[in-house]
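Heads up, the thing below is written out as structure tokens.
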Number of protein chains: 2
Amino acid sequence: MKQIAIYGKGGIGKSTITANLAAALGCEGRRVMQIGCDPKQDSTRLLMGGERKETVLDCLRRGEEVKFDDIVGRGYGNVLCVEAGGPEPGVGCAGRGIMATLEILRKLGLYDGGLDFILYDVLGDVVCGGFAMPMRRGFAEEVYIVTSGEYMALYAANNICRGLVSFSSRGGARLAGIIGNGRGLAHEEKTIAAFAESVGSQMVAFVPRSGLVQEGERAGQTVVEYAPESSQAAVYRELARVVAQGGRGVLPQPLAPAELEEIVRRGL
Amino acid sequence: MKQIAIYGKGGIGKSTITANLAAALGCEGRRVMQIGCDPKQDSTRLLMGGERKETVLDCLRRGEEVKFDDIVGRGYGNVLCVEAGGPEPGVGCAGRGIMATLEILRKLGLYDGGLDFILYDVLGDVVCGGFAMPMRRGFAEEVYIVTSGEYMALYAANNICRGLVSFSSRGGARLAGIIGNGRGLAHEEKTIAAFAESVGSQMVAFVPRSGLVQEGERAGQTVVEYAPESSQAAVYRELARVVAQGGRGVLPQPLAPAELEEIVRRGL
Ligand SMILES: Nc1ncnc2c1ncn2[C@@H]1O[C@H](COP(=O)(O)OP(=O)(O)O)[C@@H](O)[C@H]1O
Ligand SMILES: Nc1ncnc2c1ncn2[C@@H]1O[C@H](COP(=O)(O)OP(=O)(O)O)[C@@H](O)[C@H]1O
Ligand code: SF4
Ligand SMILES: [Mg+2]
Ligand SMILES: [Mg+2]
């Protein structure tokens, strides 16, 4: 069983990429679970069609024991779908839904085998509390960071690299690669690749900006389901092949602010 | 003394707006302090020219008593500048620099008078831990939320509204207004105004997208300093007038996901 975490700045395209990745792996017959670790709780929406299970936090709020069927949905490609949910803002740690979720999934035996892939889709604006848990020993072995060519997204990616370094000595996850998600900037692919190499990793895929994403969303579907013959779907399937092989994780070398600014400046 | 917090999604334009607001108030002879509450620790950069004081967290790491001159810089318009700083990602709460900063500033007597305005520039992707502190009783009385017309920014703005509701019963801050910061989307001003009204507030300013921001940045200056005769500088000065009057704070009514999606859909 391979555990993989996909991190990145909020809104950068993590859930779109993770759901398409899960769909592609599921369609190949792999047994996949996708765990949404973002208070936005919409990570698995594109796999679940219209159906919505309760988030783990919502379930816990009801005060009863949390059962498998309460929180685990079966989506497109037979992907198992779970959402951690988010606490009321200002009330406790924003990441505690994630902590609770990983605990409960452990108790329900989901880490004991029976799955080929567990994909964590994790908010990466702050790497702390529950948001740092998927990086820890016992959870994801490999982390992919989604970024665009924008300074803000690369800054967050660099911050996530710092988080990886903090957990590395305790058996935490390694950086398996950078996934570019295009925002239509000039020289974007080059900028992302330059960033990846500077931290000691590589850009394992560049996902172009595509209207098929929005079209699929309106139908409540991933691009892999909505437009399987498209080149966009092919990009996600190729990413699935890369991720399934995986295994070249490194300890990243985070950049100093000046180095990061230089990479962005060269891309402009 | 008026304490004001400016919240919003990371990268949305908080620091640009707050620094220009501080500069405008400072140029009118008001005594202003700007406190950067974002691990990015660059809130006051445009006011401080090239100079950089230590962040509060960096100072604490040295293990010695933190003195006023270690952490407080004097910037353009005589604005006092402080940066909370950020802890190593993955090591403890991402907001603890903010908690430490507010404690230390209290001990140094900065809340005892002598200032007309304290402006908190606060990361708003998660409203928890230190990031929620400026909303609490004893700190900001008024919150302004910076947003664009993008779903992700409005989602964060709505989340910040939820945080305000969590603290309201304990004497926390009220929502004084929504500040639009344009990203060049169609119908953006209308979308932001519609959001503001739906949560029971109003859009108090719309800051257009402007190349003068980048030009000023390259010179290490706010637009108010770099291009005082420009219409962009006039927008920031007008915002300063609105903020200086202030006082129409409300308890916001956060939107359900479907309501928020509808506002964005109508704007498209
Ligand atoms: N490759 C892409 N092309 C076009 N739009 C995209 C692409 N990837 C993501 N998006 C859009 O960006 C928005 C944010 O993506 P999402 O996956 O929800 O981000 P995150 O999970 O990182 O918050 C979505 O509304 C989606 O439609
Ligand atoms: N009105 C504007 N027009 C053009 N660029 C802007 C404007 N406001 C902000 N920016 C740019 O957006 C980037 C992010 O702004 P910043 O104030 O640092 O965001 P935040 O403090 O919310 O993270 C900055 O590089 C700045 O140049
Ligand atoms: S650890 Fe992180 S998520 Fe938890 S309260 Fe602190 S800032 Fe918020
Ligand atoms: Mg997501
Ligand atoms: Mg800022």
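We use all heavy atoms of the structure for the numbers below, so side chains are in, but hydrogens, waters and symmetry mates are not. Reminder, nothing fancy here: chain letters follow the sequence lines and each chain counts from 1.
We find that A:Glu261 and B:Arg45 are joined by a salt bridge, their nearest charged nitrogen and carboxylate oxygen being less than 4.0 Å apart.
Heavy atoms closer than 4.5 Å to chain B are found nowhere in A:Pro257, neither backbone nor side chain. Using a 4.5 Å cut-off between heavy atoms, B:Lys9 touches chain A through its side chain atoms alone. With a threshold of 4.5 angstrom between heavy atoms, A:Leu123 approaches chain B through side-chain atoms but not through N, CA, C or O.
Of all heavy-atom pairs between A:Cys128 and B:Gly92, the closest is CB-O, 3.4 Å.
By the neighbour-count criterion of 12 heavy atoms within 6.0 Å, atom CZ of A:Arg137 is sparsely surrounded, having that number or fewer from other residues, nucleotides or ligands. Heavy-atom contacts from other residues, nucleotides or ligands closer than 6.0 Å to NZ of B:Lys53 number more than 12.
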Show your working on salt bridge (charged side-chain N to carboxylate O under 4.0 Å, His left out) between A:Glu217 and B:Arg265 and close with a plain yes or no.
CA-CA 13 Å; A:Glu217 278 182 352; B:Arg265 193 163 29 234; over 6 Å; no
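Contact count against chain A (heavy-atom pairs under 4.5 Å) is highest for B:Lys40 among B:Lys40, B:Glu88, B:Glu150, B:Met152. In terms of heavy-atom pairs under 4.5 Å with chain A, the best-connected choice from B:Ala132, B:Ala94, B:Pro87 is B:Ala94. Note on B:Gly90, B:Gly86, B:Ala156, B:Pro254: by heavy-atom pairs under 4.5 Å with chain A, the leading option is B:Gly90. Across A:Phe131, A:Phe167, A:Tyr151, the residue that shares the most heavy-atom pairs under 4.5 angstrom with chain B is A:Phe167.
Side-chain N or O atoms of B:Ser166 include one that pairs as donor or acceptor with a backbone N or O of A:Pro89 at under 3.5 Å.
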